[in-house]
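Below is one structure; the comments refer to it alone.
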Amino acid sequence: MDIVLSERELLDLVNAGYVVLRNRVDEELVRAAKRAINISLGQGIDPTALSRLRVTSFCPELRTDPALMDLLERSGLWRLGESLLGTGQTMAGSQGNAQINLRFPVERGTLLPIEPHLDGMASRTNKVPAGTLQSFSALIGVMLSDMPEPECGNFAAWPGSHLLNARALKRDGPRSLLDRMPDVALGTPLQITGRA
């Protein structure tokens with residue numbers, strides 16, 4: 001199946017830096033991915049690894065598993081990425097292919113702040129080596145759980161932040177990212193809602 005962006009979706013991508021595509025991944029693919037993840041989680045999680053897993057990937061043994069990769073390949077999302085970035089220009093990230101982000105509830109009434117980050121920058125909890133920057137162009141996310149409202153573990157985006165960060169990088173140079181996030185006011189994050 002090929003996925004093509006409408007003119008409105010292309011404009012959203014250019015202006016906001018992201019686009020939400022609804023009903024583009026077959027339910028069979030979602031069910032297979034969830035089953036593989038649940039089998040993995042059923043083996044248990046090492047509590048000492050939780051902080052690392054939160055910023056890299058839960059179920060790391062599934063990062064190249066067909067059940068997860070089919071979400072991109074059989075759905076047509078990988079070809080969509082290539083159509084936007086150029087044939088042969090899309091490749092797996094340095095930390096693997098699929099990334100499984102799980103969000104767990106916090107104590108009732110407690111809201112954790114949503115902190116922005118740029119992929120490819122080193123932090124104390126990810127695998128990017130200190131003093132280096134890694135290339136990163138785009139992320140394709142597939143919801144495997146319904147998130148009908150904010151505060152459900154949603155993916156957060158800062159509309160237009162790609163343009164603000166680009167200006168800061170022109171001003172400060174890319175090496176500034178070795179020390180800190182760009183000094184820009186990103187505004188309020190938007191939590192993406194939707195159905196699996």
Side-chain angles (χ1 to χ4, degrees), residues 18-78 80-81 90-130 132-158 181 189-196:
Y18 68 94
V19 64
V20 177
L21 306 176
R22 302 199 187 274
N23 304 314
R24 306 286 180 99
V25 178
D26 189 84
E27 288 180 29
E28 170 196 331
L29 299 176
V30 170
R31 276 194 303 275
K34 287 169 71 168
R35 179 172 169 71
I37 291 166
N38 286 329
I39 289 170
S40 173
L41 293 175
Q43 305 303 307
I45 299 175
D46 175 3
T48 63
L50 282 174
S51 63
R52 179 180 47 81
L53 296 174
R54 283 187 179 105
V55 297
T56 56
S57 179
F58 284 87
C59 314
E61 75 280 5
L62 297 178
R63 296 200 72 169
T64 58
D65 189 276
L68 278 289
M69 295 309 297
D70 282 353
L71 293 169
L72 292 174
E73 294 166 359
R74 286 187 49 208
S75 70
L77 289 172
W78 187 267
L80 172 65
T90 54
M91 62 186 87
S94 62
Q95 296 182 31
N97 295 340
Q99 181 182 23
I100 300 162
N101 285 317
L102 302 177
R103 300 295 178 250
F104 300 103
V106 294
E107 185 127 1
R108 200 176 296 275
T110 302
L111 292 180
L112 298 176
I114 301 173
E115 299 289 336
H117 71 275
L118 294 175
D119 285 340
M121 290 180 64
S123 78
R124 58 182 174 72
T125 53
N126 68 20
K127 290 184 177 181
V128 177
T132 67
L133 295 172
Q134 294 185 352
S135 178
F136 181 82
S137 297
L139 171 75
I140 297 173
V142 178
M143 280 187 192
L144 299 179
S145 301
D146 292 348
M147 294 181 207
E149 59 191 10
E151 305 305 331
C152 292
N154 313 55
F155 181 83
W158 280 261
M181 286 280 292
L190 174 69
Q191 295 185 45
I192 307 300
T193 59
R195 297 180 46 83

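What you see is a predicted model, and the numbers here were worked out from it, not measured in a lab.
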Step by step, work out the salt bridge (charged side-chain N to carboxylate O under 4.0 Å, His left out) result for Glu27 and Arg195.
CA-CA 11 Å; Glu27 288 180 29; Arg195 297 180 46 83; over 6 Å; no
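- Looking at heavy atoms from C-beta onward, Asp146 lies out of side-chain contact with Cys152 at the 4.5 angstrom threshold.
- The minimum heavy-atom distance linking Val128 with Gln134 is given by the pair CG2-OE1, 3.8 Å.
- A heavy-atom distance below 4.5 Å is not found between the side chains of Asp65 and Asp70.
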Using side-chain contact (heavy atoms from CB on, under 4.5 Å), reason through Asn101 and Ser57 one step at a time and then give a plain yes or no.
CA-CA 6 Å; Asn101 285 317; Ser57 179; over 6 Å; no
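- For the pair Pro150/Thr193, a side-chain contact is recorded, criterion being any heavy-atom separation below 4.5 Å from C-beta on.
- Taking the six-membered ring for Trp, Phe104 and Phe58 have ring centres closer than 6.0 Å.
- Of all heavy-atom pairs between Arg63 and Asn97, the closest is O-CB, 3.2 Å.
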Might you work through the side-chain contact (heavy atoms from CB on, under 4.5 Å) test for Arg74 and Glu28, ending with a clear yes or no?
CA-CA 11 Å; Arg74 286 187 49 208; Glu28 170 196 331; 3.5 Å; yes
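- Every pair passing side chain to side chain donor-acceptor pair (under 3.5 Å) that includes a residue from residues 37-55 is listed here, sequence neighbours excluded: Ser40-Glu61, Asp46-Thr48.
- Of all heavy-atom pairs between Pro189 and Ala156, the closest is CB-CB, 4.3 Å.
- Note that the CD1 atom of Ile39 and the SG atom of Cys59 stand 10.5 Å from one another [nearest 0.5 Å].
- Among the candidates Leu72, Leu21, Leu80, the single residue satisfying the side-chain contact (heavy atoms from CB on, under 4.5 Å) test with Ile140 is Leu72.
- Leu144 is linked by a side chain to side chain contact (heavy atoms under 4.5 Å, CB included) to Val30, Ala33, Lys34, Ile37, Leu71, Val142, counting only residues two or more places apart in sequence or in another chain.
- Between Ser75 and Asp26 there is no side-chain heavy-atom pair separated by less than 4.5 Å.
- Judged as a side chain to side chain contact (heavy atoms under 4.5 Å, CB included), and not counting sequence neighbours, the contacts of Leu118 are Met121, Asn165, Leu177, Met181, Pro182.
- Screening Glu149, Met143, Gln191 for a side-chain contact (heavy atoms from CB on, under 4.5 Å) involving Asn154 leaves a single residue, Gln191.
- For Ala67 against Ala36, the heavy-atom pair with the smallest separation is CB-CB, 4.0 Å.
- Residues Leu139 and Phe155 form a side-chain contact, since some pair of their non-hydrogen atoms from C-beta on lies under 4.5 Å apart.
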